[in-house]
Participant: 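Below you will find the structure I want to go over with you.
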Protein chains: 2
Amino acid sequence: MSKGKQDTLFVGSLEKGMRILGVFDERRIEMGLTELAEAAGLDKSAAQRLTNTLHKIGYLNKDPETRRYSPSLKYLELANAYLWSDRFVQLAMPKMIELGRKLGERVNAARLDGSEIVYVIRIPTQLTSFGAMVVGRRLPALTTSSGRAMIACFDADARKRAVETWPIVQATPRTTLDRSKVAAAIEQAARDGYGLTESENIMNEIGIAAPIVSGDGRPVAAVQCSISALRWDIARVRNEIAPHLIEVANSIHLPKPR
Amino acid sequence: MSKGKQDTLFVGSLEKGMRILGVFDERRIEMGLTELAEAAGLDKSAAQRLTNTLHKIGYLNKDPETRRYSPSLKYLELANAYLWSDRFVQLAMPKMIELGRKLGERVNAARLDGSEIVYVIRIPTQLTSFGAMVVGRRLPALTTSSGRAMIACFDADARKRAVETWPIVQATPRTTLDRSKVAAAIEQAARDGYGLTESENIMNEIGIAAPIVSGDGRPVAAVQCSISALRWDIARVRNEIAPHLIEVANSIHLPKPR
DNA sequence: TTTTCCGTATTATTATATAATAAAATTGGG
DNA sequence: CCCAATTTTATTATATAATAATACGGAAAA
């Protein structure tokens with residue numbers, strides 16, 4: 001009823017199947033049938049049929065011993081398809097590698113997806129937490145340098161709405177939970193032309209990011225650098241890193257706003 | 001009939017939906033409905049319902065202008081889930097970063113999936129082709145250093161079968177198409193303890209890889225390094241790179257053979 | 001051993017996806 | 001710029017194909 005006319009074009013089984021595929025994450029590495037059913041919000045019967053199908057077509061590994069399911073390498077094949085399809089990634093990749101070499105620090109590129117940023121390129125030249133090395137990682141935009149850099153490109157209205165409504169999750173003791181302080185950081189980013197965080201996601205990590213904007217001024221991505229606060233101080237990061245990030249960001253022009 | 005009893009546990013709609021998700025690759029970046037239907041081997045009606053569903057749940061982007069579909073950032077979210085789930089990736093990641101710093105060259109880690117290798121870690125410190133920088137990339141095992149390193153760990157029978165039946169595709173003029181030469185390269189790899197290629201995938205690129213074996217001697221992954229043949233010669237690669245790769249490979253012990 | 005939990009297999013029932021077709025919209029050629 | 005051709009979107013009747021309930025078997029725990 002409420003969904004209206006499109007109902008016949010919506011394939012419920014597929015949606016449920018995708019719920020299963022998508023239920024795995026950094027916390028849920030592998031699951032048995034019952035656990036999986038519960039996590040995906042499905043009854044056992046449905047979970048059985050769908051996992052069976054996904055296993056047969058190769059998207060889920062099934063441990064013959066424990067009968068537990070986990071993501072298969074096909075997950076990565078999909079990622080590959082995405083990376084080739086994203087014009088920005090193709091353009092940015094060589095520049096990021098260059099930048100990583102020049103700075104000798106970890107550089108990343110992120111896109112905005114709803115209220116979260118998603119890292120699409122990672123050039124890890126230093127050790128950190130595993131989550132900071134892998135592609136596809138999602139973080140709440142408000143507390144990341146990339147997110148702030150991009151939000152700072154919004155008009156005042158959208159900026160306000162983002163700051164007030166988008167989620168914040170505490171990652172470290174120093175994550176900014178006070179939304180007025182987040183707003184201030186974003187205003188600052190708008191003035192500077194780059195976003196900045198310190199110890200908000202990983203302790204003693206400084207994040208700095210410059211936005212890439214499309215022709216109409218809307219942010220489409222960000223170029224970011226993560227640096228140890230133990231070896232650098234913020235002033236030096238502002239002076240020595242920011243210009244390079246901005247230079248790279250400005251050198252990337254996207255044909256389609258996407 | 002031929003499928004037998006499991007038929008009721010197989011959800012066809014899900015399989016078809018996954019066919020659509022998986023049809024995108026480096027050649028097929030974005031597609032209209034008809035093209036998509038044909039590429040996935042579905043009739044137009046099915047393609048319509050399934051793309052509609054996948055778009056609604058966020059797995060496919062749909063350009064409002066052209067009505068063409070392309071992979072969404074959700075593809076990368078899945079990759080993230082895989083990477084967290086793979087014990088090997090977690091163990092290897094910091095070592096790969098270290099290795100990349102030490103060698104100053106591009107290092108990768110790959111897994112075997114059927115007759116193909118899949119790159120699960122890439123540390124790009126030098127510029128190359130885009131395909132050599134992104135995760136999830138698949139290549140025929142027989143003509144890659146990682147593939148040869150792993151196949152060399154098979155017993156004689158399996159090795160023979162692989163050499164005779166696994167696919168080979170010509171990537172450069174110098175890709176080894178002669179299977180007896182491939183066999184020889186693999187025997188050599190078995191003696192050396194590492195696999196080697198030159199210009200077989202990218203012209204003037206030397207690939208060298210050491211296998212990681214589980215407790216029962218079966219290969220589970222490979223640690224690889226790609227080097228410019230213009231700056232290095234093979235003898236030097238053998239002398240200076242191989243020991244480091246083997247050292248790293250030996251330092252990785254997998255709890256579960258998977 | 002007994003009990004409990006989890007995964008697997010088997011049904012009848014019907015909801016749900018299907019395929020064919022029609023309508024609308026977009027593109028390209030002349 | 002208009003018409004023809006192609007592609008996308010919307011609408012149906014129909015039966016296939018997915019469903020949910022239940023029963024079975026095996027493994028682990030008590």
Side-chain angles (χ1 to χ4, degrees), chain A residues 1-21 23-24 28-72 256, chain B residues 1-24 28-72 256 258:
Chain A
M1 324 240 135
S2 55
K3 13 193 109 168
K5 51 178 92 166
Q6 325 282 58
D7 226 1
T8 51
L9 294 181
F10 191 82
V11 181
S13 320
L14 179 52
E15 187 267 342
K16 287 181 195 160
M18 296 311 297
R19 276 230 293 282
I20 290 196
L21 269 203
V23 89
F24 293 94
R28 302 186 178 280
I29 294 315
E30 59 158 26
M31 302 166 83
L33 186 58
T34 325
E35 190 182 357
L36 193 47
E38 186 177 24
L42 300 169
D43 56 279
K44 212 182 283 190
S45 288
Q48 182 188 188
R49 273 174 288 114
L50 298 168
T51 51
N52 182 277
T53 305
L54 290 170
H55 172 56
K56 280 233 171 72
I57 61 180
Y59 278 91
L60 289 182
N61 291 329
K62 184 176 187 176
D63 187 316
E65 298 277 308
T66 65
R67 283 101 204 273
R68 289 164 74 80
Y69 294 95
S70 60
S72 83
K256 299 179 193 170
Chain B
M1 341 236 121
S2 54
K3 14 193 114 169
K5 51 178 93 165
Q6 327 280 60
D7 225 359
T8 50
L9 293 181
F10 191 82
V11 181
S13 319
L14 178 53
E15 187 267 343
K16 287 180 193 161
M18 296 312 297
R19 277 230 293 282
I20 290 196
L21 268 204
V23 90
F24 293 95
R28 302 185 177 280
I29 293 314
E30 58 159 27
M31 304 165 84
L33 186 58
T34 329
E35 190 183 357
L36 193 47
E38 186 177 25
L42 299 169
D43 56 279
K44 220 178 278 192
S45 288
Q48 182 188 190
R49 274 175 285 115
L50 297 168
T51 50
N52 181 277
T53 306
L54 290 171
H55 172 57
K56 282 234 170 72
I57 62 179
Y59 279 91
L60 288 182
N61 291 330
K62 183 176 188 177
D63 187 317
E65 298 276 310
T66 66
R67 286 104 198 270
R68 289 165 74 77
Y69 295 95
S70 59
S72 82
K256 297 179 196 174
R258 183 168 180 120

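The basis for the numbers below is simple: all heavy atoms, side chains too, and nothing from hydrogens, waters or symmetry mates. By convention in this document, chain letters (A, B, ...) are assigned in the order of the sequence lines, proteins followed by strands, and residues within each chain are numbered from 1.
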Participant: Less than 4.0 angstrom between a side-chain N/O of A/S13 and OP1 or OP2 of C/dA17, yes or no?
Facilitator: yes
Participant: Quick one: does A/R68's side chain have a donor or acceptor within less than 3.5 Å of a partner on A/E30's backbone?
Facilitator: yes
Participant: So which atom in B/F24 and which in B/S70 form the shortest heavy-atom distance, rounded to 0.1 Å?
Facilitator: CE2-CA, 4.0 Å
Participant: Which of residues 35-46 of chain B sit near DNA chain D, with a heavy atom under 4.0 Å from it?
Facilitator: B/K44
Participant: Backbone N or O of B/G58 within a donor-acceptor pair of the B/S72 side chain at under 3.5 Å?
Facilitator: yes
Participant: Can you tell which of C/dA17, D/dA18, C/dG7 lies closest to the side chain of A/L33?
Facilitator: C/dG7
Participant: Would you kindly give the CD-to-P distance between B/E30 and D/dT8, to the nearest whole Å?
Facilitator: 12 Å
Participant: Nearest to the B/Y69 side chain among D/dA18, C/dA17, D/dT9, which nucleotide is it?
Facilitator: D/dT9
Participant: Go nucleotide by nucleotide along DNA chain C from the 5' end; which of B/R67 and A/L14 gets its closest nucleotide reached first?
Facilitator: A/L14
Participant: Go through the steps to decide whether B/L14 and A/Y59 satisfy the test side chain to side chain contact (heavy atoms under 4.5 Å, CB included), and finish with yes or no.
Facilitator: CA-CA 11 Å; B/L14 178 53; A/Y59 278 91; over 6 Å; no
Participant: Provide, to the nearest angstrom, the distance between the CD atom belonging to A/E15 and the P atom belonging to C/dT16.
Facilitator: 13 Å
Participant: Please report the distance, rounded to the nearest Å, between NZ in A/K16 and C1' in C/dA17.
Facilitator: 12 Å
Participant: In whole angstroms, how far is the C1' atom of D/dT8 from the NE2 atom of B/H55?
Facilitator: 14 Å
Participant: Could B/K56 and A/E15 be called an ion pair, given the rule that one side-chain N must be under 4.0 Å from one carboxylate O?
Facilitator: no
Participant: Can you check the A/F10 CZ to D/dT9 C1' distance for me, whole Å?
Facilitator: 18 Å
Participant: Can you tell me how far P of D/dA17 sits from CG of A/L50, to the nearest Å?
Facilitator: 17 Å
Participant: Distance check needed: C/dT8 P versus A/R68 CZ, whole Å only.
Facilitator: 12 Å
Participant: Grab the CD-C1' distance between B/Q48 and D/dT9 for me, whole Å please.
Facilitator: 6 Å
Participant: With sequence neighbours left out, what residues match B/R28 under side-chain hydrogen bond (donor to acceptor under 3.5 Å, both in side chains)?
Facilitator: none
Participant: By nearest atom, which of the nucleotides D/dT7, D/dT9, C/dA17 is closest to the B/T34 side chain?
Facilitator: D/dT7
Participant: Just by distance, do the side chain of A/T53 and the backbone of B/V11 share a donor-acceptor pair under 3.5 Å?
Facilitator: yes
